[in-house]
Trainee: 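My questions will all concern the structure given below.
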Amino acid sequence: MNALDHVALQGGGKVITLEQFIIERQAEFPYATGELSRLLRDIGLAAKIINREVNKAGLVDILGITGEQNIHGEDVRKLDVFANRELIRALSRGGECCVIASEEEKDILFVPGSTGKYIVLIDPLDGSSNIDANVTIGTIFSVYRRRSQEDSPEALRRDVLQPGNRQVAAGYVVYGSSTMLVYTTGHGVNGFTLDPSIGEFLLSHPSIQIPKRGKIYSINQGYFRFWEAGMQRYIEYLQEEDKSTGRPYSLRYVGTLVADVHRTLLYGGIFLYPASRKDPRGKLRLMYEANPMAFIIEQAGGRATDGRRRILDIEPESLHERTPLILGSEADVLEVERFLQEAERTAL
Ligand code: AHG
Ligand code: MN
Ligand code: MN
């Protein structure tokens, strides 16, 4: 019996690394020149470096706040700064990316001397308020191809503000009980779990499909009184008892978008960050939170809207603009849309 037979006998399951998977799937891209593959590998590398810091954040002086505020007026935490710097470094070094936009940067960053064709938008550290409590946090990325050939800053600035339906890739890293990288290039959704003993992301969740309906809803219930009437009625409806429709639903809310979306993707159900009197445009950012998550959820067979419009069809006006976000199992998202429409009709 030779060595390969031994491998085949040990559990049989083929171990596929993120790198191998990307290369094997490379042929799926219309412009399979390997550049997008290299870009995804660069992001995977940054994720491993960030993961190493996240795992020892409690031990080194990387917890806590820097004392500065970002452009959104939010406390900047040391891990935000670290994650932002590592991703910018990895994306700049790879050479595939000509422009980077980050939640942590007021304006877009032009990668000096790059002839790359890709634009990457990042939320380097999602769920910052949860860092010091050791609660799951994440990283989100969204990738576009540049549209113009012109090298001017104005042309590149226009190229950053593309609707989500033009993304060529999107994904997230969830730093939880294990660290996972989940991404799509428009050919389904695949999940990779980091094996720290070999420092590789291994394919663990091939071709993820979200259940058509779930039994979990995820929302910050504390803002109930700020929501529109239709949203209030929908959330009260979910809490009524009716076995035939699986109600009452359970409420699960981590307060880290990546964690709440990852659970919704795997278990089904609905995540909602609606508009409110407090946040008329909602809180989540369209370009580097809502769009990438909407692309992933749709590719897994789910639905993502702002309550009225498909997220991926929203024409962006500014880099850091916010949008209400409702995503998850198709039947659940369609149901809340009916409540919102009904409430509008009766209000007229
Ligand atoms: P970030 O840490 O990147 O600013 O994102 C935080 C977001 C998102 O992760 C989460 O869904 C939402 O904030 C939670 O907001 P509330 O605390 O208002 O519920
Ligand atoms: Mn975020
Ligand atoms: Mn963030």
Side-chain angles (χ1 to χ4, degrees), residues 46-47 50 53-54 57 62-66 68-88 100-106 120-142 170-176 182 216-227 231 235 251-265 269-294 296-297 304 306 311 319-328:
I50 296 167
E53 288 310 300
V54 164
I62 198 154
L63 279 179
I65 58 179
T66 58
E68 296 138 26
Q69 300 239 307
N70 64 14
I71 51 141
H72 314 287
E74 296 155 344
D75 287 338
V76 177
R77 295 171 186 269
K78 294 174 183 170
L79 209 46
D80 287 331
V81 172
F82 177 85
N84 188 48
R85 194 181 63 218
E86 284 309 316
L87 274 159
I88 290 170
I100 302 167
S102 168
E103 175 198 22
E104 302 302 330
E105 302 289 337
K106 182 173 180 341
V120 182
L121 297 101
I122 53 175
D123 178 355
L125 214 291
D126 175 60
S128 305
S129 62
N130 281 326
I131 293 172
D132 296 359
N134 201 23
V135 172
T136 298
I137 50 182
T139 295
I140 310 171
F141 62 90
S142 170
Y172 60 79
V173 183
V174 51
Y175 309 100
V182 175
I216 298 169
Y217 75 101
S218 187
I219 194 168
N220 187 332
Q221 190 93 17
Y223 301 147
F224 182 88
R225 66 182 65 256
F226 298 123
W227 301 330
M231 183 57 71
I235 297 299
L251 170 60
R252 292 284 183 276
Y253 192 73
V254 177
T256 295
L257 178 66
V258 167
D260 287 318
V261 170
H262 187 64
R263 184 204 52 252
T264 304
L265 178 67
I270 188 166
F271 170 85
L272 313 98
Y273 205 108
S276 70
R277 280 190 284 114
K278 203 169 84 64
D279 294 315
R281 296 290 302 271
K283 172 185 181 183
L284 299 176
R285 274 55 60 107
L286 172 65
M287 294 309 292
Y288 40 79
E289 289 177 317
N291 270 334
M293 292 315 201
I296 290 168
I297 289 290
D306 64 359
I311 291 289
L319 181 58
H320 298 291
E321 73 179 68
R322 298 171 190 271
T323 176
L325 177 60
I326 301 172
L327 58 76

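Order of listing sets the numbers, starting from 1, for every ligand and every atom in it.
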Trainee: Can you tell which part of R285 has a heavy atom less than 4.0 Å from ligand 1: side chain, backbone, both or neither?
Mentor: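 Within the 4.0 Å criterion, R285 contacts ligand 1 through side-chain atoms alone.
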Trainee: Counting backbone and side-chain atoms alike, does P124 have an N/O/S atom under 2.8 Å from the Mn ion (ligand 3)?
Mentor: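 No, outside the cut-off.
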Trainee: Please identify which atoms of ligand 1 are closer than 4.0 Å to at least one heavy atom of D126.
Mentor: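 Per the distance check, 1 (P), 2 (O), 3 (O), 5 (O), 6 (C), 8 (C), 9 (O).
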Trainee: Is there a polar contact, in the sense of an N or O pair closer than 3.5 Å, between S129 and ligand 1?
Mentor: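 Between S129 and ligand 1 (N or O atoms, distance only) the closest approach is not under 3.5 Å.
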Trainee: Heavy-atom contacts under 4.0 Å between L284 and ligand 1: side chain, backbone, both, or neither?
Mentor: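 Looking at L284 and ligand 1, just side chain atoms fall under 4.0 Å.
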Trainee: At the Mn ion (ligand 2), what's the angle from E289 OE2 to D123 OD2, rounded to 10 degrees?
Mentor: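 My answer is 100°, to the nearest 10°.
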Trainee: Only N/O/S atoms count here: what is the atom of D126 closest to the Mn ion (ligand 2) called?
Mentor: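 D126's closest N, O or S atom to the Mn ion (ligand 2) is named OD1.
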Trainee: Hey, which atoms in ligand 1 end up nearer than 4.0 Å to a heavy atom of S128?
Mentor: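 Numbered from 1, ligand 1 contributes 2 (O).
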Trainee: Apply the side chain to side chain donor-acceptor pair (under 3.5 Å) test between Y175 and each candidate in T136, D126, T139; give the one that qualifies.
Mentor: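 Of the listed residues T136, D126, T139, the side chain to side chain donor-acceptor pair (under 3.5 Å) partner of Y175 is T139.
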Trainee: Carefully, step by step, assess K278 and Y223 under the rule side chain to side chain contact (heavy atoms under 4.5 Å, CB included).
Mentor: CA-CA 8 Å; K278 203 169 84 64; Y223 301 147; 3.5 Å; yes
Trainee: As an exercise, identify every atom of ligand 1 less than 4.0 angstrom from a heavy atom of G255.
Mentor: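 Numbered from 1, ligand 1 contributes 9 (O), 10 (C), 12 (C), 14 (C).
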Trainee: Using a strict 4.0 Å cut-off to heavy atoms of D123, name the atoms of ligand 1 that fall inside it.
Mentor: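 Within the 4.0 Å cut-off of D123, ligand 1 contributes 3 (O).
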Trainee: Report the name of the N/O/S atom of E103 located nearest to the Mn ion (ligand 3).
Mentor: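 Result for E103 and the Mn ion (ligand 3): OE1.
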Trainee: Between atom CZ of R281 and atom CG of L286, what is the distance when rounded to the nearest 0.5 Å?
Mentor: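 That separation rounds to 8.5 Å.
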Trainee: Could you check whether the rings of H320 and Y288 sit parallel, tilted or perpendicular, using 30° and 60° as the cut-offs?
Mentor: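 Answer is perpendicular, since the angle exceeds 60°.
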Trainee: Counting C-beta onward and ignoring hydrogens, is there a side-chain heavy-atom pair between I219 and Y273 closer than 4.5 Å?
Mentor: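 When only atoms from C-beta onward are counted, Y273 and I219 do not touch, as no gap falls below 4.5 Å.
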Trainee: Distance only, no hydrogens: is a donor on one side chain within 3.5 Å (strictly under) of an acceptor on the other, for T256 and N130?
Mentor: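 Yes, N130 and T256 have a side-chain donor paired with an acceptor closer than 3.5 Å.
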Trainee: Please determine, by modelled atom types, if S128 and D80 share a side-chain donor-acceptor pair under 3.5 angstrom.
Mentor: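 The answer is yes; a qualifying pair exists.
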Trainee: Can R285 and E103 be counted as an ion pair, charged N to O under 4.0 angstrom?
Mentor: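 Between E103 and R285 there is a salt bridge, with a charged N closer than 4.0 Å to a carboxylate O.
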Trainee: Going by the order shown, which atoms of ligand 1 are within less than 4.0 Å of some heavy atom of L125?
Mentor: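 So the atoms of ligand 1 that pass are 2 (O), 3 (O).
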Trainee: Output the list of atoms in ligand 1 that are nearer than 4.0 Å to some heavy atom of Y253, sorted by atom number.
Mentor: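 Ligand 1 atoms under the 4.0 Å threshold to Y253: 14 (C), 15 (O), 16 (P), 19 (O).
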Trainee: State the atoms of ligand 1, each with its element, that fall below the 4.0 Å cut-off from a heavy-atom position in E289.
Mentor: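 It comes down to these atoms of ligand 1: 3 (O), 5 (O).
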Trainee: Considering the heavy atoms of L257, write down every atom of ligand 1 situated less than 4.0 Å from one of them.
Mentor: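 Checking each atom against L257, I get 8 (C), 9 (O), 10 (C), 11 (O).
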Trainee: Run the numbers on S142 and N291 for side chain to side chain donor-acceptor pair (under 3.5 Å), then give the verdict.
Mentor: CA-CA 8 Å; S142 170; N291 270 334; over 6 Å; no
Trainee: Could you check L325, I137, D123 and say which one makes a side-chain contact (heavy atoms from CB on, under 4.5 Å) with L257?
Mentor: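 Answer to the side-chain contact (heavy atoms from CB on, under 4.5 Å) test with L257 among L325, I137, D123: L325.
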